[in-house]
Amino acid sequence: MEAALEEARIAALLGEVPVGAAVAQHGYVIAEAHNETVTLRDLTQHAELIAIRKALAELHRDRFEDATLYVTLEPCAQCAGAILLTRVTRVLFGAYDPKAGMAGSVEDLLRHPKLSHRPEVRGGVMEAECGELLREFFERRR
């Protein structure tokens with residue numbers, strides 16, 4: 001989660017919503033990313049999607065066999081879909097997102113009983129640190 005937090009800090013410095021993600025496999029971080037929606041003028045460029053794409057490119061694969069995604073904010077529907085399609089094994093996230101979270105806050109797409117893949121999910125990992133970055137960012141914008 002430290003790698004994801006560092007990416008979130010970078011995002012904040014760039015004026016992006018401070019969300020960071022890291023993909024690890026066998027105990028090693030293989031990809032890191034932060035939100036780039038403002039930089040790329042593309043609202044789909046969330047940290048999770050970018051980190052997943054980078055990790056799959058590094059592995060020369062189209063899905064994971066055993067991978068953990070660390071992300072500082074509960075994944076949205078778009079990112080949850082990518083997590084499911086690429087077969088991420090575990091998702092550990094920091095802050096809950098009561099407005100758009102799809103790992104239990106609004107809905108629980110990641111553990112939906114009708115889907116064939118359901119990753120292990122744990123929220124609240126370093127929640128205080130992750131949440132504080134978001135709070136500070138939005139306070140400065142007001």
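Hydrogens, waters and symmetry mates are skipped; everything else that's a heavy atom, side chains included, is used. Residue indices begin at 1 and follow the sequence shown.
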Go through Leu5 and Tyr70 one step at a time and tell me if the side chain to side chain contact (heavy atoms under 4.5 Å, CB included) criterion holds. CA-CA 9 Å; Leu5 267 167; Tyr70 296 88; over 6 Å; no

Run the numbers on Asn35 and Gln45 for side chain to side chain contact (heavy atoms under 4.5 Å, CB included), then give the verdict. CA-CA 6 Å; Asn35 274 2; Gln45 296 303 307; over 6 Å; no

Side chain to side chain contact (heavy atoms under 4.5 Å, CB included) between Ile83 and Leu69: does it pass, once the steps are laid out? CA-CA 9 Å; Ile83 289 163; Leu69 173 68; 3.6 Å; yes

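Sorted by first and then second residue, the salt bridge (Lys or Arg N to Asp or Glu O under 4.0 Å) pairs with a member in residues 120-132 read Glu132-Arg135; sequence neighbours excluded. Counting only residues at least two apart or in different chains, salt bridge (Lys or Arg N to Asp or Glu O under 4.0 Å) contacts with residues 22-32 are absent.
Considering every non-hydrogen atom in both Ala12 and Pro18, the closest pair reads CB-CB, 3.9 Å. Contact record, Gly20 with Glu7: CA-CB, 3.8 Å, taken as the closest heavy-atom pair. Taking both residues in full, the closest heavy atoms of Leu110 and Pro119 are given as O-CD, 3.2 Å, listed atom of the first, atom of the second, then distance. Closest approach of Glu74 to Met102, counting heavy atoms only: OE2-N, 3.5 Å. Of all non-hydrogen atoms in Cys130 and Gly94, the two that sit nearest each other are SG-CA, 3.8 Å. Shown here for Tyr96 and Gly124, the closest heavy-atom pair between the two residues is CE1-N, 3.6 Å.
Within 6.0 Å of CZ in Arg41 there are 12 or fewer heavy atoms belonging to other residues, nucleotides or ligands. Summarising the local packing, CD of Glu136 is surrounded by more than 12 heavy atoms from other residues, nucleotides or ligands at distances under 6.0 Å.
The hydrophobic clustering, which links ILVMFWY residues whose side-chain heavy atoms are closer than 4.5 Å, places Val91 and Leu84 together. Hydrophobic clustering (side-chain heavy atoms under 4.5 Å, transitive across Ile, Leu, Val, Met, Phe, Trp, Tyr) groups Val121 together with Val106. Residues Leu134 and Ile10 are members of separate hydrophobic clusters, defined by side-chain heavy-atom contacts under 4.5 angstrom among Ile, Leu, Val, Met, Phe, Trp and Tyr. Two different hydrophobic clusters hold Met1 and Val17 under the rule that ILVMFWY side chains link at heavy-atom gaps under 4.5 Å. Under a hydrophobic-cluster definition in which Ile, Leu, Val, Met, Phe, Trp and Tyr are linked whenever side-chain heavy atoms come within less than 4.5 Å, directly or via other members, Phe93 and Leu133 are assigned to different clusters.
Between the CG atom in Leu49 and the OG1 atom in Thr44 there is a gap of 6.5 Å [rounded to 0.5 Å]. Atoms CG and CZ, on Leu85 and Arg63 in that order, are 9.0 Å from each other to the nearest 0.5 Å. Taking CD from Glu58 and NE2 from His60, the interatomic distance works out to 6.5 Å, rounded to the nearest 0.5 Å. To the nearest 0.5 Å, atoms CG (Asp97) and SG (Cys79) are separated by 10.5 Å. Atom-to-atom distance recorded for Arg61:CZ and Arg87:CZ is 12.0 Å, nearest 0.5 angstrom. If you take CG on Leu43 and CD on Gln78, they are separated by 9.0 Å, rounding to the nearest 0.5 Å.
The shortest distance between side-chain heavy atoms of Leu56 and Val23 does not fall below 4.5 Å. Counting heavy atoms from C-beta on, the side chains of Leu14 and Val38 never come closer than 4.5 Å. Side-chain contact between His46 and Val19: absent, with no pair of heavy atoms (C-beta onward) separated by less than 4.5 Å.
Side-chain contact, Glu16 with Thr37: a donor N or O sits under 3.5 Å from an acceptor N or O.
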